[in-house]
Structures are given as C-alpha cells and as structure tokens.
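Quick notes on the structure that follows.
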Number of protein chains: 2
Amino acid sequence: MVFSRPSGNRTRVAAKDVARLAGVSTATVSRALNSPEQVDPDTLRRVRDAMSKLRYVPHGVARSLRSRRSKMVGAIVPSFDYALYARTTSALQQRLSEHGYSVVLAEHHYELLDELQVTRQLIELGVDAFVFVGVDHDPRLFSLLEDYGRPYVLTWGVDPMRLHPSVGFDNRAATYQLARHLIGLGHRRFGMISADPTGNDRARERGAGVRAALADAGLRLEDSHVQYARISLPSAQQAMERMLALSQRPTAVLATNDVLAVGSMLACRKAGVRIPEDISITGVDNTDLGATQTPGLTSVRTPIIEIGRAAADQLIDRMEGRAFSAIQSLPFELVFRGSIGPGPAASTGKPSAPAKPARKSAAVVRPPATRAKAG
Amino acid sequence: MVFSRPSGNRTRVAAKDVARLAGVSTATVSRALNSPEQVDPDTLRRVRDAMSKLRYVPHGVARSLRSRRSKMVGAIVPSFDYALYARTTSALQQRLSEHGYSVVLAEHHYELLDELQVTRQLIELGVDAFVFVGVDHDPRLFSLLEDYGRPYVLTWGVDPMRLHPSVGFDNRAATYQLARHLIGLGHRRFGMISADPTGNDRARERGAGVRAALADAGLRLEDSHVQYARISLPSAQQAMERMLALSQRPTAVLATNDVLAVGSMLACRKAGVRIPEDISITGVDNTDLGATQTPGLTSVRTPIIEIGRAAADQLIDRMEGRAFSAIQSLPFELVFRGSIGPGPAASTGKPSAPAKPARKSAAVVRPPATRAKAG
DNA sequence: CTGTTAGCGCTTTCAT
DNA sequence: ATGAAAGCGCTAACAG
C-alpha cells in the first residue's frame, strides 16, 4: 500500500521560496497576497508567477499568529441530529465562506457544561467569533467570552434582557398563535409534548406560549398533560403513548417541534387514533418530515436559513469594524395542514376565542399550503 | 449598548505570565500542559494554580505553528441540506472531539471545483487531516493532497482501485438487491429517479446496481424511464411527474436515495396514483423521512453513523502513527416497508428471479420492520 | 526535573 | 514601491 508516508515529510513551500524565485523580499510576497494594490504591477506578476509555479499555499497558522486573526468562526450547536441546526449552520457556513471565513463546528448535546468546554477549545484554536444556539447559557460562558473579547451572537431566540447580541424569533409567540388557533377551532382539552426545558430556552418559551394562550382563554394545561421527551422519534412516540393512556385524553396536542410532533403522530397511528378526527397535532419548524406526513403536520415556519445568514452577516460586519444591528427578531409564519381539525366545542356554539375558520385537512402536498403571516 | 469593544483590546494571558507567577520558565509551563508526567508534582501544582488563577487559555495557533499540528480535521461534504451528511459529520465530530480534535466544516454543493477550492482553504488553515465524501474527485485534488502530505479518507463509497483510503459500503450492491427483490415480486417495467451522477459516485453506483439487476434478469431500463433530479423534494416530485406522464408507466420506481423517493411519493399522491397498488417505490438510506411516510418507504439502511465513526478512528490512528485499515466496506441492510407490492407478473406464474415472498404493506411504524441483512 | 535558546512562517513597522 | 528586521506565543532541542 502507498499510505505509508509518516505524514509531513515533504518540506513545505514557504514565502521565502516564492520571494527568492521572484527576486523580491518576503515582505513583498506578503503584500502581493494581502494588499496587491500597493505592489508594482510588474512585480506583482512575477510574484504571482512564482507562486503558481511553486504551488505556494500560504501558511494560515503563521499568518494568524502574527496578524491575530484566524479567519475562523466557531459554531456551537446542541446537535446535528435535529436537522434544523445543520441547515442553519449550512447557511452560516455559506455566507461566511463568501467572505473568506471558515466554520469550526462543535456540538454540546444539550449539556451547558459541555458547551463551556468546547467553547474553551475554540478559543484555544483562536476563532475570531462565535455563534451559539439559544439564549440560555452558563454564566461562566459569558465571562469566558468577555475575557476573550471577540464577537459572538446568540441564535434561535432573542435575549429578553437585550444584553447579548442575538438573532432569532419569538418562540413564545409562535406556539401562542398555534394554541389560540386551536382554541378557536373549539378545542378545550390540551396536551403538550415538550423537550426538556432545562437550559433550553426554545422549549421553555414554546411551552410558555402554549400556557399563555390557554390562560388567556381561561383554560389550564394539566401537569399530567405535559409529557417530556428527547428530540427523537422513538422518545416522542413513547411520550405520546403515555398521553394517550390518560383518562382525560386531550383533543389537541401541541409539540414544541416537528420531530416531537411526528413521533406523536406515529403513536397515534399505532394506537388507531385518527388525526385530526380524534386528535389534532401541531409542531414547530415546518420541516419536510412534518410536511410530508399523512395528513400533513400543521406547524410554524421558523426562519431557519435566515437566522444563519443574518448571524453570519452580523459577525462579518463586526469583525470588519462596521455598524451592525445587535438584536434581530425575524418573522415566522403558521402553516396549516391536515393534522388539525375542529374540537368538541366547535358545534356547541360557544367559541371562547376568535375562531378562524378551520382549514380542514386536504393539503398533503407540501410547499403551497395555507399560510398566515406572523412575527 | 455594550457591544462596542473593538474586539481584541485586553492583552491576553500568555505562558510567560503563568511562568512568572509560578516561578518557573515557560518551558515548564508547556510541559505541565503537554507532558505533566515529566514535571515534579509540586511544581505541577504551582503551575496549575497559576493557570487557573490567571484563567490561562493556551494559544493554540502558536502551538500549531511550532509543533506543526493544528488538532483540526477538515470535513468536506457536498451539502448539509441532505441530512445524512450532517449525521455522519456529527458522528465524526463526536469521535474526534473525544481525542482533542476539532472539525472544520466545508461544503461544495456537488461542485468538484469548489471542492478543490475549499480544500486549499483548509490546507491554509493547517488542518491535520481530511474527510471527503465519495470516491469521485478532481485529479488535482489528489495531487494537492499528495503535496500536502497529510492523511485523508474518502467516505460513503469504497475506492474501486483501492488507491485511496476509504470507508463506505457497496452502493451498487444496495440497489442491486433492491431491484432484484422487486423483480422477484413480479415487476417487469422499471423506472429510476436519480441524482445527477456527474462527479457523484453514489448516484452512479446506485444506478449501475439497478441496471445490473435488470440486465441479469433479461430486462432493460429505458432511457425515458430514468429521470434526473436535484436532491430536493420539489425537484424529485417534478421528476416523478414526468415519469408518470410516460405512456409506458413503470410499475416500480427505484430512487437513488430517500429524498428522491419521498418526492416521488408526493407526486403519486398528488396524481392519485396508489402506492403500492399502482406503483412500488424504494429509496436508499433509510431516513426518518422515508420511514414515517404512509405507506412506509422500503429502503436500505446505510451505515451513516458508522462511516463517521470509522473515518474518525482511521484518521486518529494515522495521525498518531498507529496501524490502520485503509479500506473498509461496512454492511448495509434492506428495510422492507409498505411502499412496495407485487408486480403484474406475480400472478402469471413466471417469476424470472428468485421471488422472496412479498411483504405486503402494513409496517407503517418505524423501527421494527422486516430486515434482510446484507453487505 | 528544569532552564536556556532558537525559531516555526508570516506580517508589520520603519526605513529607504 | 520595496527591503530589513522584529517578533506573534509557543514547543523542541539541548544542557545542566
């Protein structure tokens, strides 16, 4: 086999090799790379020829050490198993890469202490900026960032105290509107499937939105009607099985995201509970997973891609010393599909909330579906 | 607002600060970090105290420059929109991170030239190793890697020439077995929905598997019955619409991955074509997206996570100078669900291929489904 | 076990 | 417009 070379034999082509071949100093090679406009066109050509002849690749590490900028941005996300963070990161990566920045990836699996740990690791690597998911973090994370003194931005939520730059949307409003709509459809007995809200402000805020809407309508969410699950199909399915086993089974279940909602749908199918005739289900995030179910999952289109782009734009502006808007709350919109239907109170003629007409079922095909702007 | 600090004021705590406080030299500080066993326990304690007192974070860039190892691994994937690569990368990241390595992420969106470009960028950053997706790459990529002289591994396929270290599975065999099974079910008229095979060996090999199985059974795949699509639901849906418009509509359609298959299912639903009564559909990759459809999508469980882990393990072994197995072909397995049924020849009593009994429909719930080991 | 010394490859003054 | 020289913060020899 040829895979034997002990990794790193060949002496690398350095700026001084290029300099020698082009008959200039290393300083000029550096200028040719970083500020070509200050180099005599003729010299520039010679240097560039030498570079391509030698297949010179600059040594970014040395550059970073000297210039104190690494051109790397750290992205710290809870997990890539939930596809959304992958898509946001993808958008982030794309935008940053257009400006010559690379993305260093880290996951913390919903452990705030692991987050602290990987952040320290990224600081060691010398990243120029950070992107975090969520607004809930260990206080030590913020003091670490404070010490390091480089830009960071929180995403997927908006810092209620406006202390930290953040790019997200109003998670609470999203589920509030969903719950309100279900109340309008005549539902009175609700259930919720939620991710563990500890250190997870998305879950917490989405739960709060549901509770607020119910409270505003004089309804309550029983503790027994809140089931927690990990963000995975099997775990959500189990949670919904517990819900279905309750004596006072809910007629509408709000899940705090699409994975939990689809897991719930699986439980219903298995138990022979019809959607939406027996039970209405909603998610959040408007994933393909939910949209392609039969019936399609009613959800909230959250600004997945936009968050990544806006976070990248903000950091680029900051790293290059430009003005930037620190707090951005992006719009979302409800997407109605067949997974919800009228509740038992619908026919009794006492709608205790402004009842939008119920979009009954039908739209199983995805993109064009009934939408209600919001945000 | 407080977000004003021009990013990088505060002078960083360096090893010499720790050294001064602990009353040792910087060399000892370095040793305390990198080979504590060579440091007197008492000295070590003093150094560590000083470190935590000063909240010292080592300057990885300087370390990299000097030691010629950056502790970063570059992962170059086609796209994160197709969740699989995200999951493989996640597994990769997790395993590498356990050994102190970080992952730098790059996407090339199925453009081999962009891949070359981002690889150069990662070389500039000084990554210690690379992970690529697929075995098809620009020859210049390989000569660039050769020059750089650091380990890399190809994933999701196995290099047929065994020239490059690779960790994947037999893509051709996967679809071969699927097609053979459908033939056994009595299908004779086939269609295929494929990603553009240009520079995409997964698509190419999966297509070849279908053709080989048909050829072995004396059947042909008409050119008109092969429709290409981008790996996205809407694009696949359109491709399937074209397929359904054919005069000789196929009774079984193999898609080269689950996204394409589910897009095809959407087209069928929209057109009122029943699955599996009118048409059988299969995918590859066994995603949640496919598994949760109604009916569930028959697919191939590919070693998504295992690839990431094995690639990480190989690179770690190589970077640390240990023995490693360069070529690994991991097992896959067929997962039968309700999206396939008997073909027209099933009742005519002339099964031209070993007909496994047709698992009819039913299994809509995911994890436990009929499985056939393979690989 | 610990200190001294040199220098990784680049960018950045400061001259010219 | 270009060159000379000085480090960025660390680790790797080499002494002791």
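Because only heavy atoms are used, hydrogens play no part in the values below, and waters and symmetry mates are left out as well, while side chains stay in. Letters A, B, ... mirror the listed sequences (proteins, then strands); counts begin at 1.
For A:Thr89, the side chain to side chain donor-acceptor pair (under 3.5 Å) criterion is met by no residue, not counting sequence neighbours. Residues satisfying the side chain to side chain contact (heavy atoms under 4.5 Å, CB included) criterion with A:Leu144, sequence neighbours excluded, are A:Leu116, A:Thr119, A:Arg120, A:Ile123. Under the side chain to side chain donor-acceptor pair (under 3.5 Å) criterion, A:Asp114 pairs with no residue, sequence neighbours left out. For B:Asp159, the salt bridge (Lys or Arg N to Asp or Glu O under 4.0 Å) test picks out no residue, with sequence neighbours left out. Qualifying salt bridge (Lys or Arg N to Asp or Glu O under 4.0 Å) partners for B:Glu320, counting only residues two or more places apart in sequence or in other chains: B:Arg322.
If you check residues 35-54 of chain A against DNA chain C, you find no residue with a heavy atom closer than 4.0 Å.
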Compile the donor-acceptor pairs under 3.5 Å between side chains in residues 41-48 of chain A and protein atoms, sequence neighbours left out, one pair per line.
unit_1	atom_1	unit_2	atom_2	d
A:Asp42	OD1	A:Arg45	NH2	3.1
A:Arg46	NE	A:Ala22	O	3.4
A:Arg46	NH2	A:Ala22	O	3.0

Exercise. Evaluate the side-chain contact (heavy atoms from CB on, under 4.5 Å) criterion for residues A:Phe324 and A:Met319: first the C-alpha distance (whole Å), next the side-chain angles of each, then the deciding distance (0.1 Å), finally the verdict.
Key: CA-CA 10 Å; A:Phe324 65 100; A:Met319 289 187 291; over 6 Å; no

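The pair B:Asp128-B:Lys71 does not count as a salt bridge, with every side-chain nitrogen at least 4.0 angstrom from each carboxylate oxygen.
Annotation: the terminal axes of the helix from C:dC1-D:dG16 to C:dT16-D:dA1 meet at 30°, where each axis is the rotation carrying the C1' atoms of four end pairs onto the next four (5 pairs per end, rounded to 10°).
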Expected string for nucleotides 10-16 of chain C under the B/S/- scheme (protein heavy atoms, under 4.0 Å, primed atoms plus P, OP1, OP2 as sugar-phosphate) is BBBB---

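In 5' to 3' order, the nucleotides of DNA chain D bounding all contacts with chain A (an atom under 4.0 Å from a heavy atom) are D:dA1 to D:dG9.
Screening residues 118-140 of chain A for ring-ring contact (aromatic ring centres under 6.0 Å, His included) gives A:Phe130-A:Phe132, A:Phe130-A:Tyr148, A:Phe132-A:His137, A:His137-A:Phe142 as the qualifying pairs, with residues at least two apart or on separate chains. Residue pairs that meet the side-chain hydrogen bond (donor to acceptor under 3.5 Å, both in side chains) test with at least one member in residues 53-67 of chain A, sequence neighbours left out, are A:Arg55-B:Asp147, A:Arg63-B:Glu124.
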